[in-house]
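Quick notes on the structure that follows.
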Protein chains: 4
Amino acid sequence: MADTETKPSKRSREAAETRENILEVATHEYADKGLAGARIDEIAEKTASSKRMIYYYFGGKDELYRAVLERAYHRIRAQEQDAHFENLPPVEALRAIIGHNFDYHFEHPDFVRLVMNENVHHGEHIAHIASMKPRNRSVIESLGAILKKGAEAGVFRAGIDPVDLHSMISALSFYNVSNRHTFLHNFGVDFAEPAVRAKRREQIIACILAWVTRD
Amino acid sequence: MADTETKPSKRSREAAETRENILEVATHEYADKGLAGARIDEIAEKTASSKRMIYYYFGGKDELYRAVLERAYHRIRAQEQDAHFENLPPVEALRAIIGHNFDYHFEHPDFVRLVMNENVHHGEHIAHIASMKPRNRSVIESLGAILKKGAEAGVFRAGIDPVDLHSMISALSFYNVSNRHTFLHNFGVDFAEPAVRAKRREQIIACILAWVTRD
Amino acid sequence: MADTETKPSKRSREAAETRENILEVATHEYADKGLAGARIDEIAEKTASSKRMIYYYFGGKDELYRAVLERAYHRIRAQEQDAHFENLPPVEALRAIIGHNFDYHFEHPDFVRLVMNENVHHGEHIAHIASMKPRNRSVIESLGAILKKGAEAGVFRAGIDPVDLHSMISALSFYNVSNRHTFLHNFGVDFAEPAVRAKRREQIIACILAWVTRD
Amino acid sequence: MADTETKPSKRSREAAETRENILEVATHEYADKGLAGARIDEIAEKTASSKRMIYYYFGGKDELYRAVLERAYHRIRAQEQDAHFENLPPVEALRAIIGHNFDYHFEHPDFVRLVMNENVHHGEHIAHIASMKPRNRSVIESLGAILKKGAEAGVFRAGIDPVDLHSMISALSFYNVSNRHTFLHNFGVDFAEPAVRAKRREQIIACILAWVTRD
DNA sequence: GATGAATGAGTGTTCATTCAT
DNA sequence: TATGAATGAACACTCATTCAT
């Protein structure tokens, strides 16, 4: 029956929901407390299902963490691929990309915190996740195309490595979320405050544009 | 008694050494595994003394962590205060400060990782540490003085908030250490490689200078 | 319906095959790991059918174990009954019986291990299996007949209890399989090695014959 | 101080008692239920101390099992070494050794059951215990000396391998304890009944002597 | 000041079994 | 009859912390 493919059974649909529900809860817990600090019991409790199901679907605490990490990365890459700024003039395209990246970090603190945690663990878990590199490549290619167009148009310096550019954008976007609490305590400025956030957004765009345009 | 200050007894000298030894070991453990991931038993084992001493001197796991965090911050602020670049011309001074900050992060990954961890914990522990703000102020004052001198000299734009400038420098320096592992996995570039590190050092300096200098 | 016996339906034939397949797999698992050590999931996985079928056909882990145990005992008793040595002269008949018993143990380690396991469980499961005693009786009767014939012929001592004789044969045959691993480790001799096995076979026959013939 | 060696502190004496108490309880539990069937919680409960102490002293379930196994073997070998029958005439010495071995098995069913369990586990744990072989050697040497003396005196056959002899004695002694429950169920004879036991003791001695003595 | 022994609450994981389709 | 999903009780093991000497 064609139906079996187009209409998944009620059972399997519910199963997918269970899985997704677990991932959602776990994402928040791991982001909030880190891999070592999160508790399987607590994740299970906040879930619509049970602790047993976590083991049924994911195998264990670490494997669940990896599934969470993979999902988080897939989401940001998917967003990046959805956003097509290549048709804009180079400067506008770069402005848009930086702004988009900046906003994404702010709107997805869980992603930022998962990445922090993964670095705390020396990236040992991300190493086990395949299928990540092809997605990363497209980000770089996109930046590369804009840089090339801008260089040809004489608005950008030539010779800028798109990976370097990406690290600049990423570093400046990441910090606002990753270091929010210590920065607030040390300097009394909360990056999450709307006014501060808007100001920083412009500064970061300006900073990077200044870097790519000046000789 | 004046004696206790001028001639510390053998006992108290040894006590200070024990304390320092514990802090050193604990710094590395907390930096390596995070607060939740670190183990008191493991810290004690790597120490020249015993688990009992940790409780004797610091009270518990969290208190030890706070002592470690405080010590790490004191050290970076001390270094920053030792480095006096105010007498250099503004551009040179800023170059020196950025380079110094960049290098400090690279040479003290434990500090970077402790700060990451503290943010994972929403800065709840740094909040309990007093005596941090005065030290932070001096960093900002130092940058403020340079900005002012540069603006007066016409080389820097006017109206730059030294706190914003500090966040720029910090973000760009921090990222290379904090996100080293995920960046390596995703883009195949290891920030810790000497050539990469040197290149990024120059780019970061260039980027910030481009931002603060007048067009 | 007579049909159900003479022409088993396809369904019931398949059902019998499913049952038998489960028993075969379970026999090996229980023999290998013991009742407590065996895992229903693992048994189900190695089966051509599923975990649900185990519960459908047998009821549960313990009941499956009993079915396995019963089947294993039925098989050895069936073999013993198939082997008719009563027509041989007493000494030859006894030789044949001992040799046959010795070989059976070697060739059916799963049976030996199931019996070991059952004794570990204080024989609580075998107690629930009916229909075992009549079969055991025939072994004893067979030995009794040979002993009687031998005593009458003057080659065996009189007054030997066939149950005692059976326990001698059984003990000497069982040990080679049941204690193979510890004996190998302790004394460096592997009963399963062909040369060792052949030597022991002769010694055991000789030993028991010496016992029944000497005064 | 010499005292520290001759007079162990109260603490360490109590610690040794705790260890020993755990071993005693664990021996019985492992012997009763097997490695897979025994429960750490249950062992802990029957102990004068706690579950945590089991992990403190032994490390885990398997390691505790190994400690139990090692202790059980050390005890039987120690008993064997304490019993000196070498000065008796060969036949009497052998009688004594067999009787002693037979009795030991009856009086130490835990030992027998631990060995059964170890064989269920394919001897994988005993393989990790060092220091067992030298002790085993002395049993064989002892039997070898008796066999030699008996052969020289013309009462025993020449050429009997003491390891073979040991396996005969061991097999016949072991079975009465190891297979007690199934034998009782199958043949209605309880090896543990005093009369049965006494009868089997004599039969086993007679059987082995018949085998080793010259016709 | 220093050490090994002890503890209880918790932490990840596994198990036999049952349910819904 | 057959299958994947679900369950709760139990299980082995770990942790920060305290006690006794």
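By convention in this document, chain letters (A, B, ...) are assigned in the order of the sequence lines, proteins followed by strands, and residues within each chain are numbered from 1. Just the heavy atoms: all of them, side chains too, but no hydrogens, waters or symmetry mates, feed the values below.
- Minimum atom distance to the side chain of C:Tyr57 is reached by F:dA2, of the listed E:dG12, F:dA2, E:dA5.
- Nearest nucleotide to the side chain of D:Ile40, out of F:dA2, E:dG12, F:dA12: F:dA12.
- Taking atom CD1 of D:Ile43 as the reference point, atom P of F:dA12 lies 8 Å away to the nearest angstrom.
- For the OP1/OP2 pair of E:dA6 and a distance below 4.0 Å, the side-chain nitrogens and oxygens of D:Thr18 include at least one atom meeting the criterion.
- Spacing between atom NZ of A:Lys51 and atom C1' of E:dT11 amounts to 7 Å, rounded to whole angstrom units.
- Contact between the side-chain N/O atoms of C:Ser50 and the OP1/OP2 oxygens of F:dA2 is not found at any separation under 4.0 Å.
- Heavy atoms of other residues, nucleotides or ligands lying less than 6.0 angstrom from CD of C:Glu45 number 12 at most.
- With E:dA16, F:dC13, E:dT13 as the choices, the nucleotide that has an atom nearest any side-chain atom of D:Tyr55 turns out to be F:dC13.
- The pair A:Arg113-A:Glu118 does not count as a salt bridge, with every side-chain nitrogen at least 4.0 angstrom from each carboxylate oxygen.
- Ring planes of B:Tyr65 and B:His121: tilted class, angle from 30 to 60°.
- The aromatic rings of A:Tyr73 and A:Phe111 sit perpendicular to each other, their planes meeting at more than 60°, with 30° as the lower class boundary.
- The distance from atom CZ of B:Arg52 to atom P of F:dC19 is 9 Å, rounded to the nearest whole Å.
- Of the two residues near DNA chain E, D:Tyr56 and A:Ala38, the one whose nearest nucleotide lies more 5' is D:Tyr56.
- For the pair A:Phe58 CZ and F:dA6 C1', the computed distance is 15 Å after rounding to whole Å.
- Side-chain N/O atoms of D:Arg39 include one lying less than 4.0 angstrom from OP1 or OP2 on F:dA12.
- Straight-line distance from the CG atom of A:Asp41 to the C1' atom of E:dT11: 7 Å, rounded to whole Å.
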